[in-house]
Asks: 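Below is one structure. I have some questions about it.
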2 protein chains.
Amino acid sequence: MLTIGKLGEAAGVKVPTIRYYEQIGLLPEPDRSAGNQRLYGQSALDRLAFIRHARELGFPLDAIRDLLSLSDEPDQSCAAADVIAKKQLTTVKARIVRLTALKAELERMITQCAQGTVADCRVIEVLSDHSHCAQDHRTSGAAE
Amino acid sequence: MLTIGKLGEAAGVKVPTIRYYEQIGLLPEPDRSAGNQRLYGQSALDRLAFIRHARELGFPLDAIRDLLSLSDEPDQSCAAADVIAKKQLTTVKARIVRLTALKAELERMITQCAQGTVADCRVIEVLSDHSHCAQDHRTSGAAE
DNA sequence: TCTTGAAGCTATAGCTACTAGAGACCTTAG
DNA sequence: CTAAGGTCTCTAGTAGCTATAGCTTCAAGA
């Protein structure tokens, strides 16, 4: 049996986050010790690792909730989980495109900065005037 | 003179967002009409466009606040602006590395999903068990 | 056995960067 | 003059945590 601290350590999740996941119903309420402290078994560790891993993959908690409900009912089709993963892949691809454009823009700004005064600073100038943009980075969604 | 709606349209920023920026001190309090409505001039438009542009490049509002205060004093060195931009570039680069690993992982998951039941669905399995990961995507910070 | 310090508990508030809603008021086109 | 739509303030909500306060419990050393 693991205390919440050990569980967090094992799964790589901070203690308040575990309590938060319990609060929003992602993790079931665990058994308690005689002194009211949470005690976790292997299944909680697996579930938490699942959640953490999905978070790392960029899944929002709602999608994770769906995935967990799928795995809680193993007779269901995997198509639903596949749909979720594909949706995430689309999001991730879009973010990469977006960030790559931002990177180019930032690099351009920085290399052109002559280290003089603010009056002729490229960083400020580029930010002030959209016409300086090498690419139109207004088109692919929010910057995050 | 522009009303808040026209200003938002001109800068590509939603009206509540403008009021929010004013509230947190990013935009100065504008003059008001006889009927208490905000009226903006060119300088507000410039400033708002700057903010929006910096947001699009992923700068957090705190960094934008710093950049704005720098641009208010054009005789200073622009080294500080350079530092802010470089920090942002580092963040963006890290996110790209991270998201690229996630993309590979999701693609692998999807191709391996046999479209059967959840019991043999790799999507669930891969997310449950870190050892299935093609790359270690644990190393480069939070998923956002 | 006692004690001390870490770890746990609940509850509440705060964070970023907005967004949405309620209900009243102002402005402008027809 | 009226009606529609823009604007006003204020509050609360969003995601996904993180931090704080003030308390209790647990494990290890003296």
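Below, read A as the first sequence line, B as the second, and so on, with proteins coming before strands; counting in each chain starts at 1. For clarity, every value in this text was computed on a predicted model and none was experimentally measured.
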Asks: Please compare A/Gly5 and B/Leu61 by the position of their nearest nucleotide in DNA chain C and report the one closer to 5'.
Replies: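 Checking each residue's closest nucleotide, the 5'-ward one belongs to A/Gly5.
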Asks: Side-chain N or O of B/Tyr21 less than 4.0 angstrom from OP1 or OP2 on C/dC18?
Replies: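 It does, given that an N or O in the side chain of B/Tyr21 lies less than 4.0 Å from OP1 or OP2 of C/dC18.
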Asks: What is the distance from CG of B/Leu26 to C1' of C/dT16, rounded to the nearest Å?
Replies: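 My rounded result for the distance is 12 Å.
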Asks: Side-chain contact test, heavy atoms from C-beta onward, threshold under 4.5 Å: evaluate it for A/Arg47 versus A/Pro28 and give yes or no.
Replies: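 Side chain of A/Arg47 against side chain of A/Pro28, heavy atoms only: contact under 4.5 Å found.
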Asks: Counting N and O atoms only, with roles assigned by atom type, does the side chain of A/Thr17 sit under 3.5 Å from a partner on the main chain of A/Val13, one being a donor and the other an acceptor?
Replies: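 The answer is no, because no donor-acceptor pair under 3.5 Å joins these two groups.
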Asks: In whole angstrom, give the distance that lies between atom CZ of B/Arg65 and atom P of C/dC15.
Replies: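 Answer to the nearest Å: 12 Å.
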Asks: Counting only side-chain nitrogens and oxygens, does B/Thr3 get under 4.0 Å of the OP1 or OP2 atom of D/dG6?
Replies: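 For B/Thr3, the contact criterion (side-chain N or O under 4.0 Å from OP1 or OP2 of D/dG6) is not met.
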Asks: If you compare all heavy atoms of A/Ile110 against all heavy atoms of B/Asp82, which two are closest, and at what distance to 0.1 Å?
Replies: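 Closest pair (atom of A/Ile110, atom of B/Asp82, distance): CG2-OD1, 3.9 Å.
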Asks: Find the distance A/Met1:CE to D/dT25:C1' and express it as a whole number of Å.
Replies: 18 Å
Asks: Are B/Val92 and B/Gln88 packed together at the side-chain level, in the sense that at least one heavy-atom pair is separated by less than 4.5 angstrom?
Replies: yes
Asks: Going only through I, L, V, M, F, W and Y residues with side-chain contacts under 4.5 Å, is there a path from A/Leu39 to A/Leu45?
Replies: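 The answer is no; the residues belong to distinct hydrophobic clusters.
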Asks: Nearest heavy-atom pair of B/Phe59 and B/Ala85: which atoms, and what distance?
Replies: CE2-CA, 3.9 Å
Asks: CD1 of B/Ile24 versus C1' of C/dG14: gap in Å, rounded?
Replies: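 Going from CD1 in B/Ile24 over to C1' in C/dG14 covers 15 Å.
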Asks: Can a side chain N or O of B/Thr17 be found less than 4.0 Å away from OP1 or OP2 on C/dA17?
Replies: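 No, B/Thr17 has no side-chain N/O under 4.0 Å of OP1/OP2 on C/dA17.
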Asks: Would you kindly give the CD-to-P distance between A/Glu22 and D/dC17, to the nearest whole Å?
Replies: 15 Å
Asks: To the nearest Å, give me how far apart CD1 (A/Ile18) and P (C/dA7) are.
Replies: 14 Å
Asks: Between B/Lys14 and C/dT19, does any side-chain N or O lie under 4.0 Å from OP1 or OP2?
Replies: yes
Asks: Check nucleotides 9-12 of chain C against the protein and report each pair of N or O atoms closer than 3.5 Å, with its distance, or say if there are none.
Replies:
residue	atom	partner	partner atom	Å
C/dC9	OP1	A/Arg38	N	2.7
C/dC9	OP1	A/Arg38	NH1	3.0
C/dC9	OP2	A/Arg19	NH1	2.4
C/dC9	OP2	A/Arg38	NH1	3.2
C/dC9	O3'	A/Arg32	NH1	3.4
C/dT10	OP1	A/Arg32	NH1	3.4
C/dT10	OP1	A/Arg32	NH2	3.1
C/dT10	OP2	A/Arg38	NH1	3.0
C/dT10	OP2	A/Arg38	NH2	2.9

Asks: For the side chain of A/Tyr20, starting at C-beta, report the closest nucleotide among D/dC17, D/dC26, C/dT27.
Replies: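 The listed nucleotide nearest to A/Tyr20's side chain is D/dC17.
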Asks: Whole angstroms only, please: what is the NZ-P distance between B/Lys6 and D/dT7?
Replies: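 Rounded to whole Å, this separation is 8 Å.
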Asks: If you compare every side-chain N and O of A/Ser33 against the phosphate oxygens of D/dC26 (OP1, OP2), does one of them come in below 4.0 Å?
Replies: yes
Asks: Could you state the atom-to-atom distance from CG of B/Asp31 to P of D/dT7 in whole Å?
Replies: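 From B/Asp31 CG to D/dT7 P: 17 Å.
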Asks: Taking all non-hydrogen atoms of both residues into account, name the closest pair between A/Arg19 and A/Ile4 and its distance.
Replies: CG-CD1, 3.4 Å
